[in-house]
Amino acid sequence: MAKITFITSDDETIVVEGTSGSVMELAVEHNVKGIDGDCGGVCSCATCHVHVKPEDMTKTGPASEIETDMLELDDNADEYSRLCCQIEISDAIDGVELTVAK
Amino acid sequence: MQKSELPDPFEKARLEKGIGEMKDQNDPVKMILRHKDVRKTAHNYKTFQSGAIPGRIVVPSEVNIRKTRQIPFELDPPIHGLYRAIVEPWFKRPLQVDYTEKLTDQISELVEETLKKDKVEVIGEFALVLQSRALTLLLNIPYEEAETWISWGTHVFRSEDTALDADKANILYDYIDKEIDKAIENPGADLYSMLLASEVEGKKLTREEVKGVMVLTFAGGRDTIINAVTNAIAYLSEHQESLERFRKEPEIIGKAVEEMIRYFSPLTQMGRVVTEDTHVCEHAVKADTRVSLCWASANRDDAVFENPNEIVLDRKINPHVGFGFSHHNCLGATHARQIMKVLLQTLADKIKSIEVFDYKENIEDLDEFKRKVGYDYINVKFNRLTN
């Protein structure tokens, strides 16, 4: 079980819990604004871009090469950016805070 | 070679040069073939613009048959974003439960009709019908209107003899003009009325702008959906086991749709006009010439995709560009994805196998390359699944 906090572009804080699947799926299930997950999680659409709270990066790990290639072309990306369809839910990411990218 | 295979004609040029060349009505196009270059170029709207003369970024060029600017497609940021914001929520409606239910009913009924026939020509009697009926949902207008669009035949702009057909294009433009008139007189809950009531920076959309959105909606989602649907049917005719797999693992259908869009790449390429002398993949390109983003080639780039020429139904990482990339990614993608998901699910529920009788491939002539994009016709029979 992992507790995950999303902060949307309207500054709304949404705390949800999940046990399996991807963070994107969890966000879509809970209608987190700004996480669309158009491609269903195959890393093709970049509509699940989040900024991980810097101190939580050790829990989520850095973006993979395929994410980096995509994020490189996103003007709002930074070193804490992840595509959350590529973050698997597990106990390891319990407590992370993710800010939905604009 | 299997009947349903779509070969990759770009491989050699992609590996050796990274670009291809097309003459296209004396306005040559340098086709960008590698995945990385395609995405980079698509993102760089300042040097590679969409807001050129209407029709010029389309390949083959529509400059001689169209004056109306397609919106938001033929605009560049930042103005592009203002128009995109108006239409975006409307084009996400396919995610709503009642929309999906209606779409499921439509496709289910069509598959049932098809099951009763001994022979069905997929392009004209299945894919065109499916696409037209589904479009009534996207526009939120009466179902019966689909009959008009079906009567136009398979191509809005193209005919059997020529790639570009001004007479056919005029049928569409005249039709849209009349529908806009109707919506002005009698506003409703349809897309025309929504656009007529919308404002950009405090100003109502002009009639020409409304027309531009509607032309894009009709033209962009016709051949593309027809090819995707038809290619899926052809693929399943040779892969009965995939229908079985969808029955056992329905959760992979979303991934299967993305993979089919990658493999089929229903839109081969889209152009941009170069605004300054520059380089693409180490080739010089001059200002006021054209390049194209060759989605079909990028989607087979083995630098990105393992076994690029195979359909891997549950491909987990699939950064395809079948719906384009960056600012101008396909506005109708949500609708298209929903159609394909419902179609695969419905076929899995009802169909045991599909027999192909005869077919003729539709081969695009891209000068240096010949690309199979689908079929001119394909006659099949659906066989019902019985328990």
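What you see below is based on every heavy atom in this structure, not just the backbone, and it leaves out hydrogens, waters and symmetry mates. Numbered from 1 within each chain, the chains take letters A, B, ... in sequence-line order.
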Any pair counted as side chain to side chain donor-acceptor pair (under 3.5 Å), so long as it reaches residues 18-30 of chain A, sequence neighbours left out: A/Ser22-A/Glu25

Is chain A contacted by the side chain of [X], its backbone, both, or neither, given a heavy-atom distance below 4.5 Å?
| X | value |
| --- | --- |
| B/Arg315 | backbone |
| B/Lys40 | both |
| B/His320 | both |

Interatomic distance, A/Ser44 atom OG to B/Lys255 atom NZ [nearest 0.5 angstrom]: 12.5 Å

Separation between CG of B/Leu95 and CG of A/Asp38, rounded to the nearest 0.5 Å: 7.5 Å

Contact residues of residues 52-70 of chain A (partner chain B; heavy-atom separation under 4.5 angstrom): A/Ile66, A/Asp69, A/Met70

Neighbours of chain A found in residues 322-349 of chain B - heavy atoms under 4.5 Å: B/Phe325, B/Arg337

Flag if over 12 foreign heavy atoms under 6.0 Å of NZ, B/Lys92: yes

Minimum heavy-atom distance B/His43-A/Leu73, with the two atoms named: CE1-O, 2.5 Å

Partners meeting side chain to side chain donor-acceptor pair (under 3.5 Å) with B/Thr104 (sequence neighbours left out): none

Which of B/Arg262, B/Arg39, B/Lys316 touches chain A most, by non-hydrogen pairs under 4.5 Å: B/Arg39

